[in-house]
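Written below as structure tokens is the structure these notes are about.
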There are 2 protein chains.
Amino acid sequence: MRPFTQVIDQLRTAGLRPTRQRLALAKLLFENGPRHVTAEMLRSDAHDASIRVSLATVYNTLHQFTKAGLLREIVVDPTRSYFDTTTTEHGHFFHEDTNLLEDFEGDVKLTNLPAIPEGSKISTVDVIIRLSSKN
Amino acid sequence: MRPFTQVIDQLRTAGLRPTRQRLALAKLLFENGPRHVTAEMLRSDAHDASIRVSLATVYNTLHQFTKAGLLREIVVDPTRSYFDTTTTEHGHFFHEDTNLLEDFEGDVKLTNLPAIPEGSKISTVDVIIRLSSKN
DNA sequence: TTCACTGCAAATGATTTGCAAAGCA
DNA sequence: TGCTTTGCAAATCATTTGCAGTGAA
């Protein structure tokens, strides 16, 4: 679990005021271990916790947190964006039948990596193992 | 390059009639080596080649070809779906500044793969290296 | 003839945007 | 006070869908 004062610091560093909405969403995101959320999931959580936030603000906040380095966007589903509270490099399982996104246990090693095209540098490396039900 | 009669066979096997539109789109897709297309790119190519196809048919065709195993959908961009004419396992470079998708040269080896959750089986493994401009 | 296929236009659904009101420094 | 931030509603945009007309077997 990420220390919460650190979250506030990172907001400050990013020039983001620690508003009621941002703090409440940060708590939902970071207070209970790693999470993978969509905007709709987070809005729903906020609603359940009696936090008044508009969906537009949820979207804004997710993107601001991502830019500030608090979240990482994971592109796995063409219809929805997922945000991961774990920002270090790691792989994902995506359960295609439940739309559930899950972190890997161990860390994957990539060997025989091709040469990076001239003039480009690696931004991130995504490793996604898509799973379907065995039956 | 994929032999074209094979494409027609695969359509037949999938129960898809080789209509004018499907054959024309198949030619655009498979006649000139590996490609990575979005629906809009393919519609634009068709237009340039004076092929009359509606955008809805382009979408239908891309999905039908994917289900028939002629294409592979690559999820890299939250705003657009890409389809790859190479259906064997391989990794991708995604140029974030140009939205260009490119196949890897060599083949990547994944080691230290985690255990697959009980009751699930691997559908596909996606390896995407996101690139940004060095400057 | 029959059923699959196509094209059009409308519907959908996630995300973004404009802008006035409210909040933080 | 002055600049952010929020919330609402409208706008956007890729994609899907309904359905009447067209085409292949």
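Convention: sequence-line order gives letters A, B, ...; per-chain numbering from 1.
The CG-C1' distance, from Leu16(B) to dC3(C), rounds to 14 Å in whole Å. At whole-Å resolution of the value, CG in Leu23(B) and P in dC5(C) are 12 Å apart. Distance Gln64(A) CD to dT4(D) P: 13 Å, rounded to the nearest Å.
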Please evaluate residues Leu110(B) and Leu110(A) with respect to the criterion side-chain contact (heavy atoms from CB on, under 4.5 Å), reporting the C-alpha separation (whole Å), side-chain torsions for both, the decisive distance (0.1 Å), and the verdict.
CA-CA 5 Å; Leu110(B) 297 170; Leu110(A) 298 169; 2.8 Å; yes
Pair Phe83(B)-Thr38(B), side-chain contact (heavy atoms from CB on, under 4.5 Å): steps then yes or no
CA-CA 6 Å; Phe83(B) 295 85; Thr38(B) 63; over 6 Å; no
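Residues in residues 39-58 of chain B take part in these salt bridge (Lys or Arg N to Asp or Glu O under 4.0 Å) pairs, two or more places apart or across chains: Arg35(B)-Asp45(B), Glu40(B)-Arg43(B). Residue pairs meeting the ring-ring contact (aromatic ring centres under 6.0 Å, His included) criterion with at least one partner in residues 32-57 of chain A, sequence neighbours excluded, are His36(A)-His92(A).
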If a protein heavy atom is under 4.0 Å from the base, mark B; if only from the sugar-phosphate, S; if neither, -; do that for nucleotides 13-25 of chain D going 5' to 3'.
-SBBB-----BB-
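Of the candidates Leu71(A), Thr61(A), Leu70(A), Leu71(A) is the only one forming a side chain to side chain contact (heavy atoms under 4.5 Å, CB included) with Leu29(A).
In this structure, Arg22(A) has no salt bridge (charged side-chain N to carboxylate O under 4.0 Å, His left out) partners at least two apart in sequence or on a different chain.
With the end axes of the helix from dT1(C)-dA25(D) to dA25(C)-dT1(D) each set by five pairs, the angle from one to the other reads 30° at 10° resolution.
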Solution key, residues 114-123 of chain B side-chain donor-acceptor pairs under 3.5 Å, sequence neighbours excluded:
{"residue": "Lys121(B)", "atom": "NZ", "partner": "Ser132(A)", "partner atom": "OG", "Å": "3.2"}
{"residue": "Lys121(B)", "atom": "NZ", "partner": "Ser133(A)", "partner atom": "O", "Å": "3.3"}
{"residue": "Ser123(B)", "atom": "OG", "partner": "Glu96(A)", "partner atom": "OE1", "Å": "3.2"}

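Look at Gln21(B) and you'll find a side-chain N or O under 4.0 angstrom from OP1 or OP2 of dG7(C). Here Arg22(A) reaches the OP1 or OP2 of dT6(D): one of its side-chain N or O atoms lies under 4.0 Å away. Taking only side-chain nitrogens and oxygens, Thr57(B) never comes nearer than 4.0 Å to OP1 or OP2 of dT6(C).
By the 6.0 Å contact criterion, CZ on Arg80(A) is enclosed, its count of non-hydrogen atoms from other residues, nucleotides or ligands being greater than 12.
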